[in-house]
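As structure tokens, the structure follows; a few thoughts come after it.
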Amino acid sequence: MPALAVCLEHRAQSHLAERHGEDAVRLARLATNALIEEAHLTPKPALVDRRGSGAHRDLSLAVMERSARSLEPTFAALARASRGQRPSAALRAQLAAIGRAGEAVMMDATQGSNAHRGAIWIVGLLVAGATICGDAEGSPRRLAASICATAAQIACFPDHGAPLAESNGSRVRARYGVGGARREAQEGFPHVLHMGLPALQAARRRGVGEDSARIDALLAIMTTLDDTCLLHRAGLDALTTAKSGASEALSLGGSSTPHGRAALDRLESRLLALNASPGGAADLLAATLFIDRLAPPRAHGRTQAWSI
């Protein structure tokens, strides 16, 4: 091959590698920002927000931010590992190893508080799915569905490197017969695609402020999610309280209306009395915000509905 051709090919490869590196950084930043935006969103029922720590004695807004920022290199590593790959057992194993290393970094950053263990799995898989889908064309709705479906394919491969010791999540899944975050991912993130995103866009179309629209998206997720965080902390009573309270707040107009806000306040009081918080729903809201930023539903200058 002539020297000029070799030089041009090398330059093209370097440019491609640089672009892929920039894509990984961009996705990692979007994922991190989604976690931070979820943490700051106020008022959330019994969750950490700008008012305080909710039902969590070991967490604060500062700890949540520190946790999220510590995970940015992990999300970038997940994106780099997924570049040019297809869902496979080998990729699943590689991503799991990166995720566990990221969890250790997070736990060190928070002095042992589990701020975002579930989010590493949920949002991390979506980062991988978004990387594999790359510059796929189609409507925002189709892109969101493709990202979630690709992430689900990865999640369906077994994790042979998983620790043998039981976790809180595994105990709750066994006791109550629920799927938890694992099933949510394996089924293609239905609470992101069919609850969070549609509720977010419906609220925006009504002219609701962005914070209230996001709260309504959280409530929509809570109405049907078998949240293992609630089950772990206070059993079926907490889960029933969360589902019925979220449904009531939405039926009364959502968090932007006086009656809906009053119902939201009642829900928070009940959850605080149970010392329970919907942490699983919060992780899925962060995932919703991540997908919303990746595939903003706008067509011809007008907002497009997220009904899938």
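Index from 1, following the sequence.
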Locate the shortest heavy-atom distance separating [X] from [Y]; write the atom from each residue and the value.
{"X": "Ser70", "Y": "Ala109", "value": "CB-CB, 3.8 Å"}
{"X": "Leu125", "Y": "Ala185", "value": "CD1-CB, 3.7 Å"}
{"X": "Ala286", "Y": "Ala34", "value": "O-CB, 3.4 Å"}
{"X": "Ala28", "Y": "Ala76", "value": "CB-N, 3.4 Å"}
{"X": "Ala79", "Y": "Val127", "value": "CB-CG1, 3.9 Å"}
{"X": "Leu27", "Y": "Ala130", "value": "CD2-CB, 4.1 Å"}

Quick one: does any side-chain atom of [X] pair with a main-chain N or O of [Y] as donor and acceptor, under 3.5 Å?
{"X": "Ser53", "Y": "Leu59", "answer": "yes"}
{"X": "Ser255", "Y": "Ser212", "answer": "yes"}
{"X": "Arg92", "Y": "Phe157", "answer": "yes"}
{"X": "Thr288", "Y": "Leu284", "answer": "yes"}
{"X": "Asp58", "Y": "Ser113", "answer": "no"}
{"X": "Asn275", "Y": "Arg233", "answer": "no"}
{"X": "Gln186", "Y": "Ala155", "answer": "yes"}

Enter the distance from [X]:[atom1] to [Y]:[atom2] here, rounded to the nearest 0.5 Å.
{"X": "Leu271", "Y": "Leu230", "atom1": "CG", "atom2": "CG", "answer": "6.5 Å"}
{"X": "Met222", "Y": "Asp216", "atom1": "CE", "atom2": "CG", "answer": "12.0 Å"}
{"X": "Leu30", "Y": "Leu294", "atom1": "CG", "atom2": "CG", "answer": "5.5 Å"}
{"X": "Ile215", "Y": "Leu41", "atom1": "CD1", "atom2": "CG", "answer": "3.5 Å"}
{"X": "His56", "Y": "Asn114", "atom1": "NE2", "atom2": "CG", "answer": "9.5 Å"}
{"X": "Leu143", "Y": "Cys133", "atom1": "CG", "atom2": "SG", "answer": "6.5 Å"}

Between Phe75 and Leu35, does a side chain to side chain contact (heavy atoms under 4.5 Å, CB included) hold up when you go through it step by step?
-> CA-CA 12 Å; Phe75 291 135; Leu35 297 184; 3.9 Å; yes
Taking everything shown except [X] itself, do over 12 heavy atoms lie less than 6.0 Å from its [atom1]?
{"X": "Arg171", "atom1": "CZ", "result": "yes"}
{"X": "Arg66", "atom1": "CZ", "result": "yes"}
{"X": "Arg51", "atom1": "CZ", "result": "yes"}

Side-chain touch [X]/[Y], heavy atoms, less than 4.5 angstrom:
{"X": "Ile132", "Y": "Ile154", "value": "yes"}
{"X": "Met64", "Y": "Asp49", "value": "no"}
{"X": "Gln201", "Y": "Asp292", "value": "yes"}
{"X": "Val123", "Y": "Leu71", "value": "no"}
{"X": "Phe189", "Y": "Ile122", "value": "yes"}
{"X": "Leu126", "Y": "Cys148", "value": "yes"}
{"X": "Leu225", "Y": "Glu184", "value": "yes"}
{"X": "Arg266", "Y": "Glu248", "value": "yes"}

Are [Y] and [X] connected into the same hydrophobic cluster when the rule is that any two of I, L, V, M, F, W, Y join if their side-chain heavy atoms are below 4.5 Å apart?
{"X": "Leu95", "Y": "Trp121", "answer": "yes"}
{"X": "Ile98", "Y": "Met107", "answer": "yes"}
{"X": "Leu236", "Y": "Leu274", "answer": "no"}
{"X": "Leu91", "Y": "Leu78", "answer": "yes"}

Let me know which of Asp283, Thr223, Asp227, Thr224 forms a side chain to side chain donor-acceptor pair (under 3.5 Å) with His191.
-> Thr224
Between Arg83 and Asp23, is a side chain to side chain contact (heavy atoms under 4.5 Å, CB included) present by the stated rule, with each step listed?
-> CA-CA 10 Å; Arg83 174 61 60 184; Asp23 287 345; 3.4 Å; yes
Steps toward side chain to side chain contact (heavy atoms under 4.5 Å, CB included) verdict (Arg80, Thr131) = CA-CA 8 Å; Arg80 286 193 296 270; Thr131 303; over 6 Å; no
Are Arg182 and Asp159 close enough for a salt bridge, meaning some N to O gap below 4.0 Å?
-> no
Can we say Lys44 and Glu268 salt-bridge, meaning some charged N sits less than 4.0 Å from an Asp/Glu carboxylate O?
->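 Judged by the 4.0 Å cut-off on N to carboxylate O distance, Lys44 and Glu268 do not form a salt bridge.
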Which residue, [options], forms the side-chain contact (heavy atoms from CB on, under 4.5 Å) with [X]?
{"X": "Pro45", "options": "Leu264, Leu272, Thr241", "answer": "Leu264"}
{"X": "Glu38", "options": "Leu285, Asn33, Leu218, Val48", "answer": "Leu285"}
{"X": "Leu239", "options": "Thr228, Val178, Asp226", "answer": "Asp226"}

Check against salt bridge (Lys or Arg N to Asp or Glu O under 4.0 Å), Arg214 and Glu210 | CA-CA 6 Å; Arg214 292 177 175 190; Glu210 184 62 18; 2.8 Å; yes
